Colleague: 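This is the structure I want to talk about, given as structure tokens.
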Amino acid sequence: MSVVGVATAEPAGNRARRRKSRVTKSPKIVVGAAILAFFVFIAIFGPTLAPHSASWQASNSSAFAQPPSAKFWLGTDRQQHDILSQVLSGGRSTMVIAFVAGIVASILSILFGVTAGYMGGLVDDVLSIIANIFLALPGLLILMVVMKPLPAGDTDNPILIGSVIALTAWAYGARVLRAQTLALRDQDYVESARIIGERRPRIIVSEILPNLLPILASSFIFTVIYGIGIYVVLSILGIINPAQASWGTMIQNAQGASAMISNDWWWYAPPALCVALLGIGLALLNFGIDEIVNPRVRSRKGSRRGVRFQLGLTPVVRAARPHAPSSPDTAAPVLEGES
Amino acid sequence: MADPVLEVRGLCVDYGLGAEAVRAVTDADLVLRRGEVLGIAGESGSGKSTLAYALTRLLRAPGVITGGDVVFHSRSAETGEVTEVDLLAADGHQLRRYRWSEIAVVFQSAMHALNPVARVENQLTDVLRVHRPEMSAEQRRARAVEMLRMVGINADRLRSYPHELSGGMRQRVMIAMALILQPQIVIMDEPTTALDVVTQREILEELMALRDKLGFAVIFITHDLSLLIELADSIAIMYAGRIVERARAAELFHAPRHPYSLGLLSSFPSLHGERVRMEGIPGSPPSLAAMPDGCKFHPRCPYAMDRCRTQEPPLTRLTDDGGVGGEGGDRVTACWLHDGRQDPPEPLGRAFPLLASPPAPRPGDLSRSTS
Amino acid sequence: MTAESAESESAEPVGGTEPAEAAESAERAEHSKSAESAERAEPTEPASPSKVVHGPRRPGIPALEARGLVKHFPMHSGIGRGQVVHAVEDISMVLPAGTVTAVVGESGSGKSTLARLLTGLIKPTGGQVLLDGEPVGTGARARRKYTSSVHLVLQDPFSSLNSVHTVRYHLERPLKLHTKLGRAERAERMRQLLERVSLTPAQDYLDKYPHELSGGQRQRVAIARGLAVGPRVLLADEPVSMLDVSIRLGVLNLLDDLRSGENLATMYVTHDIASARYLADCIVVMYAGQVVESGPATQITDNPAHPYTQLLLSAAPDPARAETPVLRGRGAPPSLVNPPAGCRFHPRCPFAMKVCAVRSPEPRPVGEDHVSACWLHASELDDDQREPLSATATGPAIGTATAATVAAQAESADGATDAN
């Protein structure tokens with residue numbers, strides 16, 4: 001029982017309103033969501049907005065990269081491709097693959113983690129061993145080994161790439177979900193569901209999963225960030241070489257042409273910044289959700305209206321609120337106790 | 001009547017500031033006398049825990065004290081001189097002087113109040129190290145052993161960790177920690193709620209024996225009114241952040257004045273006599289954010305009048321009908337039924353002490369008149 | 001909600017000093033096994049039935065019967081590895097229709113385990129449960145029939161309802177599972193259920209979420225959900241101990257109404273003997289996994305025969321009491337991993353005799369329908385067996401002791417009891 005003696009029942013409207021305002025007031029969520037929305041917009045409309053196609057070349061003759069100018073806002077690379085166009089069209093594949101990875105990994109982590117957590121016993125042991133194996137495997141190396149021999153056409157298939165990436169990412173989420181399921185399984189409402197005769201799959205789907213949503217959302221976003229990172233790294237390393245330019249391949253091209261040494265910063269900086277910014281946006285969103293769901297993480301307003309809240313020193317703020325005098329020592333009438 | 005050791009006048013406590021503030025305690029008046037046990041009874045939302053923590057400024061954020069006075073009459077052990085300390089005006093240093101050495105608090109859940117990685121001995125000697133720097137390590141240890149013995153724990157438990165002790169023993173350790181500096185006031189917030197009834201009874205017996213021996217005053221907060229009637233000297237009943245009645249324990253049991261007190265007393269089934277249907281109190285305590293107008297209890301009150309719906313009754317003193325040992329001065333209630341304009345209903349107007357000698361009226365018999 | 005904190009397993013049971021917690025964590029570990037083996041357990045052999053069956057006497061076949069129920073939880077980890085927690089030891093009880101039986105005990109007495117054994121949530125180590133005189137089967141269909149006949153209301157109103165579902169969902173699920181009603185009929189039935197538990201107007205409550213209701217309202221919804229399956233037996237594990245005092249009686253009165261209105265066989269598990277007396281026809285007192293006394297409710301509270309019941313009554317708050325009670329028998333309930341030999345109460349008992357440390361007493365009649373498992377009521381003991389265990393403990397010298405004699409003798413030897 002906590003010290004705060006707030007009553008239990010609250011009118012429905014208040015609580016919903018409070019939750020909504022907490023969402024919109026949280027700076028992390030607002031900024032994170034804005035960044036994500038921006039990049040989703042670019043992913044969808046980027047290629048149409050780009051002034052040129054990504055493979056368009058300004059000229060075939062010139063062999064040095066042009067710095068940003070009025071004609072090319074972000075300059076060009078050595079092959080005279082417009083950097084801005086490449087950036088705008090390069091986002092799509094990255095984001096699609098990352099989201100596919102997130103979705104597939106989430107499905108896998110639910111299947112393995114929640115089932116293991118709820119069933120316990122041998123099922124739990126087997127599924128946990130599998131998850132631990134995948135967790136211990138070095139993801140990047142595995143991906144390099146698996147993807148290198150893939151025919152070029154397959155590397156264009158975002159579903160395939162995303163699924164393969166998901167195979168290295170699901171294990172962590174599965175462990176987290178399993179741990180949370182173990183905690184939820186002992187809740188009274190699960191026991192009550194069993195008492196009225198609900199079958200096990202129904203309990204997992206209807207009673208446990210909805211309560212796992214916050215942690216699932218967090219895990220999903222985490223996996224998307226991982227997917228972006230891995231995909232970019234695989235592109236930089238040249239393991240994946242899709243026909244279409246993506247941010248990763250841009251950086252790879254820049255590195256291959258020694259752009260870092262020749263200081264053609266406009267070549268590698270924009271795609272790198274995009275990747276970083278997208279990652280930051282997703283991370284902020286993640287922290288924001290965690291803050292709303294987990295009140296303990298919420299940072300308390302240290303000081304408001306000049307009142308400092310200190311542990312062990314409850315502030316005394318004598319407001320000018322009128323209240324009826326009630327002390328028997330003041331001029332209240334003395335009344336008879338019995339007739 | 002003993003001298004007061006703690007006086008609370010018009011205390012108001014809010015949660016939050018400004019427009020979002022929720023009033024948790026309104027105009028609380030209490031007097032705690034030396035060596036007596038004052039019980040504070042109430043249900044959820046009554047503000048009893050808030051009040052207890054606010055008294056020593058231990059209320060957590062966003063609790064704010066917004067009005068009233070809390071005066072601690074500190075009596076020096078050597079000289080017997082009494083100094084008045086305004087606890088609400090004190091700063092951190094002053095509070096630290098009085099906290100624990102003069103006013104101690106026993107929290108509700110000892111399991112969470114004891115440091116799980118520190119041995120029992122160290123937790124006790126730490127207190128001494130901070131407050132009695134002149135004591136040597138030997139003396140500290142001896143005192144710790146003595147305190148544990150006083151609460152009924154064997155000295156061989158000194159080196160135990162809290163998780164190695166049972167719930168009852170942990171609570172005893174908390175009480176030992178609270179009493180080790182021989183404070184003048186001990187505030188206990190539901191100290192035995194989580195314990196079995198036998199352990200609870202043992203601990204309370206030991207506590208009362210210690211009180212007789214060491215002479216401290218106790219503020220005992222609980223929802224279990226039936227326990228308080230056996231235990232406390234005087235009782236304050238709280239509802240929706242207000243004190244609605246204050247009386248001596250026997251007076252309250254035999255002759256309550258507030259309908260809520262009557263209802264509460266009727267909520268405890270008896271262990272003797274004929275089994276009759278009891279009704280408790282219909283409805284439920286109001287939410288702090290949505291308080292009714294007028295008297296906060298009127299939606300649930302079987303005797304509510306029109307006046308009760310719009311005007312809030314003040315806490316007013318009642319003259320008792322005298323009688324041997326009648327402590328009329330401290331009897332207060334906040335109810336329009338006793339404003340003199342009408343006769344209060346029979347269950348709320350009983351005389352005390354009882355003039356004839358009928359069998360003790362059981363509140364259960366009379367609650368049939370409630371809806 | 002970090003992964004690390006979420007991953008820590010339940011605390012290891014500590015031996016000796018923590019009987020209740022050890023039983024709890026062992027029970028939870030057991031839960032996880034039985035959660036998935038509920039449909040796979042082999043039928044257990046019926047243990048030799050106890051001679052005495054506790055519970056109200058009514059003609060006909062009782063709705064629910066427990067015969068020689070035994071439950072031992074194996075301890076999987078910590079220093080107790082390989083040992084078992086003797087949570088419930090040879091309990092035989094009947095729950096006839098239209099009665100309320102209260103099971104009273106402290107934490108660690110096994111009363112909650114007994115309730116869960118009766119719902120089939122955990123499988124007994126020995127003994128059997130009979131529904132309408134028939135042993136409970138183990139197939140899926142038997143399980144389905146059982147869950148529509150027996151329901152358990154849990155203690156905590158704040159966690160027994162899933163906060164992501166509305167009241168409507170909670171009431172509709174059991175209707176969908178156990179009835180063949182159409183949509184409109186279900187809606188009507190839900191309205192009826194809410195009215196039955198005095199949550200009116202029903203429309204207001206159907207679309208509310210649990211956190212929008214008060215504790216008492218949630219508990220009523222939990223009861224309504226239980227009624228939705230159309231049970232014959234209603235078990236309640238401390239249903240009111242987490243509610244505000246002034247609303248407890250409302251819920252208890254509801255249970256009383258259901259007992260008569262729906263002719264339910266009700267079992268009320270509690271630590272509060274006063275509320276047990278209020279509600280129940282019959283009280284069964286449990287200590288350390290065994291029944292120590294049982295009988296009509298008023299009999300038990302007016303004339304307790306077993307020293308433990310006397311201890312409980314003297315410790316319970318009683319404002320009408322004239323003088324402060326004298327606690328006869330201090331200390332805490334024993335470890336269930338290594339329970340004391342003989343009578344499990346003897347280490348705390350002020351009347352302990354030599355025989356109490358050696359042999360466990362059988363329940364003997366001490367009044368009408370009133371039995372007590374105590375050697376004090378035995379007539380066949382010889383003088384040597386009757387000798388008090390400790391020099392300061394008192395007990396009757398010869399002859400059968402009745403409650404009155406016991407009390408009188410205890411009175412005369414007041415103060416001689418060892419304080420623990």
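Naming convention: chains lettered A, B, ... in sequence-line order (proteins, then strands); numbering from 1 in each chain. Predicted, not measured: the structure shown is a model, and the values here were computed from it.
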Colleague: Between C:Leu243 and chain B, with a heavy-atom cut-off of 4.5 Å, which part of the residue counts as in contact: side chain, backbone, both or neither?
Modeller: neither

Colleague: How many angstroms lie between atom OG of B:Ser267 and atom CZ of C:Arg248, to the nearest 0.5 angstrom?
Modeller: 9.5 Å

Colleague: Restricting to non-hydrogen atoms, name the atom on C:Asp302 and the atom on B:Leu271 that form the minimum distance, rounded to 0.1 Å.
Modeller: OD1-O, 4.0 Å

Colleague: Taking all atoms of both residues into account, what is the closest heavy-atom pair of C:Asp318 and B:Glu230, and its distance?
Modeller: N-OE2, 2.6 Å

Colleague: With rounding to the nearest 0.5 Å, note down the distance linking CD in C:Glu106 to CG in B:Leu195.
Modeller: 10.5 Å

Colleague: First locate atom OG of B:Ser226, then atom CZ of C:Arg321, and finally report the distance between them rounded to the nearest 0.5 Å.
Modeller: 10.0 Å

Colleague: For C:Asp272, which atoms come within 4.5 Å of any heavy atom of chain B: side chain, backbone, both, or neither?
Modeller: neither

Colleague: Counting C-beta onward and ignoring hydrogens, is there a side-chain heavy-atom pair between B:Met278 and C:Asn253 closer than 4.5 Å?
Modeller: no

Colleague: Can you see which heavy atom on B:Phe268 is nearest to which on C:Val245, and at what distance?
Modeller: CZ-CG1, 3.5 Å

Colleague: So, for C:Tyr278 and B:Pro269, which heavy atoms are closest and what is the spacing to 0.1 Å?
Modeller: CB-CB, 3.7 Å

Colleague: Could you report the tightest heavy-atom contact between C:Asp244 and B:Pro285, atom names first, then the distance?
Modeller: OD2-CG, 3.5 Å

Colleague: Tell me, do B:Arg201 and C:Leu311 make a side-chain contact under 4.5 Å, heavy atoms counted?
Modeller: no

Colleague: Does either side chain, that of C:Ser246 or that of B:Glu43, offer a donor lying less than 3.5 Å from an acceptor on the other one?
Modeller: yes

Colleague: Could you check which of B:Val198, B:Asn154, B:Ile229, B:Leu227 has the highest count of heavy-atom pairs closer than 4.5 Å to chain C?
Modeller: B:Val198

Colleague: Looking at C:Ala276, C:Ser314, C:Ala316, which has the largest count of heavy-atom pairs under 4.5 Å with chain B?
Modeller: C:Ala316

Colleague: For the residue pair C:Ala297 and B:Arg275, what are the closest heavy atoms and their distance?
Modeller: CB-NH1, 3.7 Å

Colleague: So do B:Val197 and C:Pro317 actually touch side chain to side chain, heavy atoms under 4.5 Å?
Modeller: yes

